[in-house]
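These notes are about the structure you will find just below.
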Amino acid sequence: MHDDSEVAVLRLGHRPGRDERMTTHVGLTARALGADRVLLPDNAGQSKETVADITDRFGGPFGVELTDSPQGVIRNWEGRVVHLTMYGERVQDVEDEIRAAHGDEGRPLLIVVGAEKVPFDVYEEADWNVGVTNQPHSEVAGLAVFLDRLFEGRELERDWENADRHVMPMETGKRVESTDEE
Ligand code: SAM
């Protein structure tokens, strides 16, 4: 978020067709829960368009980019790398250390999530392999819980810039207001 050093999310792997919604949801979840940008594999152009379109309508700032070398992004990252995996250390055991490295040391953080089998190099290159439970589930769920732990809930309070609409929270019903009506 704005008051911290950068947090980027890298989606590793994308099977066209099968992973379309999941890759899009990695991007939308990264945006909604406080990351600054998402990097998607270059065969995920449709997911990139969807995330960019949501950002145009509901606000940002949030960046979405394609990369032809996701593992190159990890190797060249000038900061710390967290790889989310069910085999990793328990998030509740390492979150303070990660938050300190990101917040106090001001180091940009790259959060890596996989799709299919993740190459072992990634486990070795990551500064932390982190499990959100050590049970198999979803990259979207793992990312959401991890970001909320990283930001300690502050991401829920953020303001959105350059939105052309916003949702009015309601007990019942649905109301979306255009920002130029205010
Ligand atoms: N079986 C694959 C492997 O061995 O690398 C992982 C497949 S899983 C459906 C896809 C992604 O979800 C993983 O790469 C990981 O990023 C994320 N994931 C699944 N369970 C997780 C957990 N318990 N904690 C953190 N991330 C998890």
Side-chain angles (χ1 to χ4, degrees), residues 1 4 6-48 50-51 54 62-103 107-156:
M1 291 185 298
D4 293 317
E6 185 188 39
V7 175
V9 173
L10 174 67
R11 166 62 150 172
L12 206 61
H14 172 80
R15 295 160 290 187
R18 178 171 173 172
D19 285 336
E20 231 57 69
R21 271 168 59 81
M22 216 48 160
T23 298
T24 301
H25 287 191
V26 166
L28 295 179
T29 299
R31 171 186 170 276
L33 296 183
D36 298 292
R37 63 183 168 122
V38 69
L39 298 110
L40 305 177
D42 61 2
N43 62 349
Q46 186 55 55
S47 295
K48 178 190 173 202
T50 304
V51 175
I54 293 288
F62 184 73
V64 50
E65 298 160 38
L66 299 180
T67 172
D68 61 5
S69 177
Q71 282 193 250
V73 171
I74 299 173
R75 279 193 298 276
N76 298 321
W77 187 254
E78 293 182 356
R80 300 297 185 92
V81 176
V82 168
H83 168 224
L84 296 181
T85 165
M86 63 180 278
Y87 305 106
E89 297 181 273
R90 304 184 326 156
V91 65
Q92 60 270 44
D93 294 338
V94 292
E95 64 179 297
D96 289 347
E97 192 187 328
I98 296 171
R99 206 180 298 110
H102 171 244
R107 308 277 300 269
L109 194 65
L110 182 68
I111 305 168
V112 181
V113 297
E116 47 192 335
K117 192 168 170 58
V118 172
F120 197 68
D121 293 358
V122 173
Y123 291 78
E124 293 179 324
E125 285 159 2
D127 293 289
W128 296 274
N129 292 290
V130 177
V132 176
T133 76
N134 294 107
Q135 303 298 318
H137 54 82
S138 136
E139 49 273 45
V140 175
L143 179 62
V145 170
F146 182 78
L147 287 170
D148 188 60
R149 292 269 171 150
L150 178 70
F151 295 127
E152 298 180 289
R154 282 177 291 116
E155 81 284 359
L156 302 179

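Please read these numbers as outputs of a predicted model, since none were measured by experiment. Ligands are counted one by one from 1 in listed order, and the atoms in each one are counted from 1 as well.
Atom 20 (N) of ligand 1 has its closest protein heavy atom at His137 N, 3.2 Å. Taking atom 24 (N) of ligand 1 as the reference point, the nearest protein heavy-atom neighbour is Val132 N, 2.9 Å. With respect to atom 23 (N) of ligand 1, the closest heavy atom belonging to the protein is Gln135 O, 2.6 Å. Distance from atom 2 (C) of ligand 1 to its nearest protein heavy atom, with residue and atom name: Glu116 O, 3.8 Å. Summary of contacts: the protein heavy atom closest to atom 27 (C) of ligand 1 is Met86 N, 4.0 Å. For atom 15 (C) of ligand 1, the closest non-hydrogen atom on the protein side is Leu84 O, 3.0 Å. The protein heavy atom nearest to atom 4 (O) of ligand 1 is Tyr87 CE1, 3.8 Å.
Using 4.0 Å as the threshold, Val130 has a heavy atom nearer than that to some atom of ligand 1. Ligand 1 does not have Phe120 within reach: every non-hydrogen atom of the residue lies 4.0 Å or more from it. Under the 4.0 angstrom criterion for non-hydrogen atoms, Gly114 is in contact with ligand 1.
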Can you list the steps and then say if Arg37 with Glu6 is a side-chain contact (heavy atoms from CB on, under 4.5 Å)? CA-CA 8 Å; Arg37 63 183 168 122; Glu6 185 188 39; 2.4 Å; yes

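Remark: side-chain polar atoms of His137 are paired, donor with acceptor, to backbone N or O of Val132 under 3.5 angstrom. Asn134 places a side-chain N or O within 3.5 Å of a backbone atom of Gly88 that can act as its donor or acceptor partner. Here the side chain of Arg99 pairs a donor or acceptor atom with the backbone of Leu150 at under 3.5 angstrom. A donor-acceptor pair under 3.5 Å is formed between the side chain of Trp77 and the backbone N or O of Pro108.
Considering backbone and side-chain atoms alike, Lys117 places every N or O at 3.5 Å or more from each N or O of ligand 1. Taking distance alone, with nitrogen or oxygen atoms compared against 3.5 Å, Ser138 stays at or beyond that limit from ligand 1. Considering backbone and side-chain N/O of Val118, one or more are found under 3.5 Å from N/O of ligand 1. No N or O atom of His83 sits closer than 3.5 Å to an N or O atom of ligand 1. Distances between N or O atoms of Asn134 and those of ligand 1 include no value under 3.5 Å. Taking only nitrogen or oxygen atoms, main chain and side chain alike, Ala115 does not reach within less than 3.5 Å of ligand 1.
Counting heavy atoms closer than 4.0 Å to ligand 1, residue Ala141 contributes nothing at all. Counting heavy atoms closer than 4.0 Å to ligand 1, residue Thr85 contributes backbone atoms (N, CA, C, O) but none from C-beta onward.
Put simply, the side chain of Ile98 reaches to within 4.5 Å of the side chain of Val130, judged on heavy atoms. Here the side chains of Val7 and His102 are in contact, with some heavy-atom distance below 4.5 Å.
Atoms CG and CG, on Asp68 and Asn43 in that order, are 11.0 Å from each other to the nearest 0.5 Å. Within the model, atoms CG of Leu10 and CD of Gln71 stand 9.0 Å from one another, a figure rounded to the nearest 0.5 Å. A distance of 14.5 Å separates CZ in Arg11 from OG1 in Thr67, rounded to the nearest 0.5 Å.
Close approach to Tyr123 involves these atoms of ligand 1, each under 4.0 Å from a residue heavy atom: 5 (O). Numbered from 1 in the order shown, with element, the atoms of ligand 1 that lie under 4.0 Å from a heavy atom of Thr133 read 22 (C), 23 (N), 24 (N). In the vicinity of Gly131, heavy-atom distances shorter than 4.0 Å reach the ligand 1 atoms 24 (N). Of all atoms in ligand 1, numbered sequentially from 1 with element shown, those under 4.0 Å from a heavy atom of Val113 are 16 (O).
The local environment of CD in Glu78 is sparse, with at most 12 non-hydrogen atoms from other residues, nucleotides or ligands closer than 6.0 Å. Around CZ of Arg21, the count of heavy atoms belonging to other residues, nucleotides or ligands within 6.0 Å does not exceed 12.
Using a 30° and 60° split on the angle between ring planes, Tyr87 and Tyr123 fall in the tilted class, from 30° to 60°.
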